[in-house]
Amino acid sequence: MKKPPFHKSVQFTIRGILWILKNERNFQIHILGLIINLFLIVYLGLSNFESALIILVSFFVLVTEALNTCVEKICDYIQPEFDLRIGIIKDLAGGAVLLATISAICIGALVYWPYLKLYFY
């Protein structure tokens, strides 16, 4: 099978991102988290390193959510009926998102804490 031209590959990729943004509530919530973090980066005047770290962990959560959605869709295609083994696979993928989210919250707390102390103390 011939590979599509690069611009077509980019179109397919954008179509996938738009689909997950439109159809997956958790991805939308994570996008909201990214937007809040982008606002805080500007408002608090984070350093380049801190900004890069916050953006990196924010996108790490988005990527794991996208991969979780892929796993769920493949599982649903392979086995539309309830299956305990498929449930475990889905739980593992969801657990990866939870771990990414917990790590992002911990890093966010470490980065934002010194700035928040200035406002509250």
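Put simply, Leu34 and Val42 are part of two different groups of oily side chains (I, L, V, M, F, W, Y) that touch within less than 4.5 Å, one to the next. There is no path of hydrophobic side-chain contacts, each under 4.5 Å, that joins Val61 to Ile35. The hydrophobic cluster containing Tyr77 does not contain Val71, counting ILVMFWY residues as joined when their side-chain heavy atoms lie under 4.5 angstrom apart, directly or transitively. The hydrophobic cluster containing Val111 also contains Leu116, counting ILVMFWY residues as joined when their side-chain heavy atoms lie under 4.5 angstrom apart, directly or transitively. The cluster map of Ile, Leu, Val, Met, Phe, Trp and Tyr, joined by side-chain heavy atoms under 4.5 Å apart, puts Phe59 and Ile107 in the same cluster.
Within a 6.0 Å sphere centred on OH of Tyr115, other residues, nucleotides and ligands contribute more than 12 heavy atoms. By the neighbour-count criterion of 12 heavy atoms within 6.0 Å, atom CG of Asn48 is sparsely surrounded, having that number or fewer from other residues, nucleotides or ligands. Atom CZ of Phe12 sits in a crowded spot, with more than 12 heavy atoms from other residues, nucleotides or ligands closer than 6.0 Å.
The heavy-atom pair separating Ala66 from Ile20 by the smallest distance is CA-CD1, 3.5 Å. Nearest approach of Ile89 to Cys75, heavy atoms of both residues: CG2-SG, 3.7 Å. Across Thr64 and Ala100, no two heavy atoms sit closer than the pair OG1-CB, 3.5 Å. Residue Phe60 comes nearest to Ser103 through the heavy atom pair CE2-OG, 4.0 Å, listed as atom of the first residue, atom of the second, then distance. A pairwise comparison of heavy atoms in Leu46 and Leu40 identifies CD1-O, 3.9 Å as the closest pair. Between Gln28 and Lys22, the closest heavy-atom pair is NE2-O, 3.3 Å.
Between the CG atom in Leu21 and the CD1 atom in Ile17 there is a gap of 9.0 Å [rounded to 0.5 Å]. If you take CG on Asp83 and CD on Glu81, they are separated by 10.0 Å, rounding to the nearest 0.5 Å. Rounded to the nearest 0.5 Å, atoms CD1 (Ile36) and CD1 (Ile41) are 12.0 Å apart. The structure places CD1 of Ile54 at 9.0 Å from CG of Leu110, a figure rounded to the nearest 0.5 Å. One finds the NZ atom of Lys73 at 8.5 Å from the NZ atom of Lys90 (value rounded to the nearest 0.5 Å). Between the OG atom in Ser9 and the CD1 atom in Ile14 there is a gap of 11.0 Å [rounded to 0.5 Å].
You'll find the side chain of Tyr112 reaches within 4.5 Å of the side chain of Asn37, heavy atoms only. Two residues are said to be in side-chain contact when any heavy atoms from C-beta on lie closer than 4.5 Å; Glu65 and Asn68 meet this criterion. The closest side-chain heavy-atom distance from Val57 to Ile105 is not below 4.5 Å. Considering only heavy atoms from C-beta on, Trp19 comes within 4.5 Å of Thr69 through its side chain.
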Val97 vs Asn26, side-chain contact (heavy atoms from CB on, under 4.5 Å): CA-CA, chis, key distance, verdict: CA-CA 10 Å; Val97 177; Asn26 288 343; over 6 Å; no
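Under 3.5 Å, the side chains of Glu50 and Ser47 contain a donor-acceptor pair of N or O atoms.
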